[in-house]
Each structure stands twice: as C-alpha cells, then as structure tokens.
Amino acid sequence: MRTALIHSDAYKRFDYGREHPLRMERLGLTFGLMDAYGLTRLPGTEVLPPAPAPEAALREFHTDEYIAVLRAAGVGEAVPEAYRYGLGPGDNPIWPGVYEASALACGGSILAAELVARGDVARAFAFAGGLHHAMPARASGFCYLNDAVLAILALRRHGLRVAYVDIDAHHGDGVQAAFYRSADVLTISTHERGDRLFPGTGAVEEMGEGPGRGYAVNLPLNPYTDDAVYLDAFDAVVPPVLRAFGADVVVAQLGIDGHRTDPLTHLALSVDGFAAAVQRILELAPRLVALGGGGYDLSNVARAWTAAWALMNGVTLPPALPPAFVVDAAPYLGGRRTLWDAPPVLPLEAVRPAREFAERQVAELRRRVFPLLGVPTSGA
Ligand SMILES: [Zn+2]
C-alpha cells in the first residue's frame with residue numbers, strides 16, 4: 001500500500017506568540033520522532049512538502065472579505081474591527097505570517113486529499129492540518145482557515161462519498177457546519193461535552209438539517225473519560241454508522257488533546273487509547289486522508305502522531321523512544337522514554353460518571369440518529 005506524509009519545515013518560521021498554547025514546535029518535534037524511528041524512509045512512502053493553497057481554493061469555503069482581512073493582518077496591516085473576524089488578543093492572535101501559515105496547512109490537506117482521490121496513495125497524513133473550528137468568515141479556536149473542509153471539498157469534486165471522523169477533544173464545529181445540510185458528507189465527532197469545553201456545541205441533538213438530517217453524528221463525553229470508556233463508546237457508534245453510510249474515503253481529524261495530561265481539556269485518554277481508535281478508523285476506511293488537530297502537551301503530539309503514522313503503514317514500533325530523540329526532545333518529554341503510556345489509574349468515582357454519561361449518549365444516538373442512517377439497532 002502506498003502512503004504519503006505531508007510535511008514542511010516552513011512552520012518553524014511561524015509563532016502564535018510566546019504565551020499561546022498552540023506551539024508550532026510540535027510539528028518539527030513530530031517529524032523528528034517519525035524520522036528517528038525511520039518512518040520517513042519507508043518503501044512505498046513519499047514525504048511531500050505542501051505549497052500554500054491559492055486564494056481560489058480558500059474561496060471554496062471562506063468569504064472574500066475574510067481572506068482579504070487575514071492576508072492584511074498577516075503582513076502587519078491594521079485591521080479595523082478585527083474582533084468581527086474572531087481575530088485579536090486571545091485564542092486567535094494576529095501574528096506575522098498568519099495567512100501564509102494557514103494557507104500552507106490548507107495546501108497540505110488539499111494535497112493529501114488529491115493524492116488519495118487520484119489513487120496515487122491509499123492513505124495520506126497531513127498532520128499540520130485538522131484546524132476544524134475555522135468558520136467561513138471567522139477565526140475560531142486557534143484555527144484561521146479550515147483545511148479539513150477544503151480537503152473534503154476536494155474529495156467531493158472527484159465525486160467521492162466522504163465520512164469525516166473527528167477524535168479531537170473539542171467538537172469539530174466548523175466542519176459540521178460546512179456540511180450540516182448535506183447527505184453526501186457524514187460528519188462524526190467525539191469530544192468533551194460542550195457545557196464543559198470550547199466550543200460549547202456538539203450535543204447528540206445536533207444531527208444535521210434538511211437533506212443532511214442524520215448525517216451529523218455527535219458523541220459528547222464526560223471529563224475523566226478514559227481509554228476503556230472511550231473505546232466502548234466509539235465502538236458502539238463509529239463502526240456501525242460508517243458501515244451504514246458506506247464512504248469511499250474517510251477524512252480523520254486526529255487531535256490528541258483528549259490525552260490525560262493535556263493542559264486544555266479534561267478527558268483522560270492515553271496514547272495507547274488514541275492509537276486504538278486510529279487503528280479502528282484504519283480498518284473502517286477504504287481510503288484515508290488523516291489530519292492533525294489539537295494537542296497541547298507536545299510530547300503527546302509527537303508520540304501520538306508518530307504512532308498513528310506507523311499504523312497507517314502497518315509498522316510496529318519498538319516502544320522505547322529512539323535515544324537520539326530522547327536527548328534532542330528532552331525539554332518537551334517531561335522524562336518520558338516510551339512511545340506508550342503507563343495504564344491510567346483513575347479513581348472509580350471519576351470513571352463511573354464518565355461511563356454512565358457515555359452510555360446515555362450512545363443510547364440517545366441509537367434512538368435518534370441510527371434510524372435516520374439505516375443503522376441496524378437490534379441485536380448486539
Ligand atoms: Zn482540540
């Protein structure tokens with residue numbers, strides 16, 4: 001099976017700002033770990049640098065006005081009423097190159113989609129992408145341009161039926177909104193419940209509108225959801241829904257901010273649980289466009305996306321991190337020396353409500369959404 005890894009060194013030049021939780025270093029760190037494991041030199045794999053998406057490609061989802069504003073902001077021009085576009089101090093600061101870097105992520109994700117759509121590769125991973133919160137005329141949640149939507153639209157232009165599976169800790173609201181009235185694109189998002197975490201949406205009741213009714217699937221989760229709770233809920237929802245939909249290609253947003261050490265969220269996954277979810281997605285996806293996403297403990301980002309890329313290539317990695325990487329990445333590793341995590345130890349009084357909450361959401365999805373998609377609900 002041929003695969004492609006989309007990576008650019010250019011991200012080194014960009015910075016959201018010293019205090020911002022989204023660290024561009026995570027991309028170089030991830031590529032460094034993939035490289036140290038030999039995963040950038042596999043037979044059948046290409047490592048390709050993206051080009052920035054041209055403005056015409058961005059216009060497929062974003063408004064002309066917003067593109068012009070973002071472009072001006074990125075070269076230091078004053079933007080009146082920047083807050084109207086979600087820009088300014090806080091989540092979506094204006095920084096030098098913000099347009100260039102965002103367009104580059106879009107170019108990478110579109111390239112991954114084109115390679116897969118043309119049949120050049122069966123799986124492509126653009127881990128700088130997955131910026132799932134960006135809206136047509138507004139930045140949101142550290143995301144300025146929505147590469148995930150643009151990748152899906154590229155696949156749609158090839159006539160492919162697309163399922164989007166988002167395992168980031170935050171609801172994939174921008175992607176859901178883009179296809180909320182479409183039956184040609186199924187969106188599935190698992191995430192921490194919206195009354196506990198940004199962006200506040202992603203309840204079970206959000207299930208699409210008009211012809212798209214049933215084609216938005218949301219599985220919210222309680223704080224302290226651990227691997228076992230997560231995977232049980234995932235298995236109850238994602239495989240049957242994907243099978244019923246019958247996608248030609250899956251676009252997966254692989255945010256790793258659901259990890260138990262992530263500073264921004266309250267889920268309790270490990271790299272092991274994340275990788276188990278990725279493996280399930282691989283088994284369900286005839287073809288795969290994988291994107292990155294959130295992840296604010298940098299050692300988790302590097303380990304999780306390296307593990308995901310190994311799975312995409314059918315490679316089993318030695319669990320000990322390569323010694324040279326341990327030295328180079330020491331400031332980010334917090335003493336970690338293994339690819340995998342020790343099993344989580346959570347108090348039962350934290351896990352029990354998480355399990356009960358997940359089971360209630362699954363039951364609601366079975367009742368409300370499964371019939372709309374023709375998912376068999378009887379039996380096991
Ligand atoms: Zn996130």
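Counting starts at 1 for both ligands and their atoms, in listed order. If you're wondering where the values come from, they're calculated on a predicted model, not measured in any experiment.
Here Arg360 contributes atom CZ and Leu365 contributes atom CG; the two are 13.0 Å apart, rounded to the nearest 0.5 Å.
Between the Zn ion (ligand 1) and the N, O or S atoms of Asp257, the shortest distance is to OD2. The Zn ion (ligand 1) lies closest to atom OD1 when only the N/O/S atoms of Asp168 are considered. Atom ND1 is the N/O/S atom of His170 found closest to the Zn ion (ligand 1).
Listed for the Asn92 side chain is a donor-acceptor partner under 3.5 Å among the backbone atoms of Phe142. Judged by distance alone, with hydrogens and angles left aside, the side-chain atoms of His62 form no donor-acceptor pair with the main-chain N or O of Ala137 at under 3.5 Å.
When each of Glu100, Glu55, Glu77 is paired with Arg71, the side chain to side chain donor-acceptor pair (under 3.5 Å) condition holds for Glu55 and for no other.
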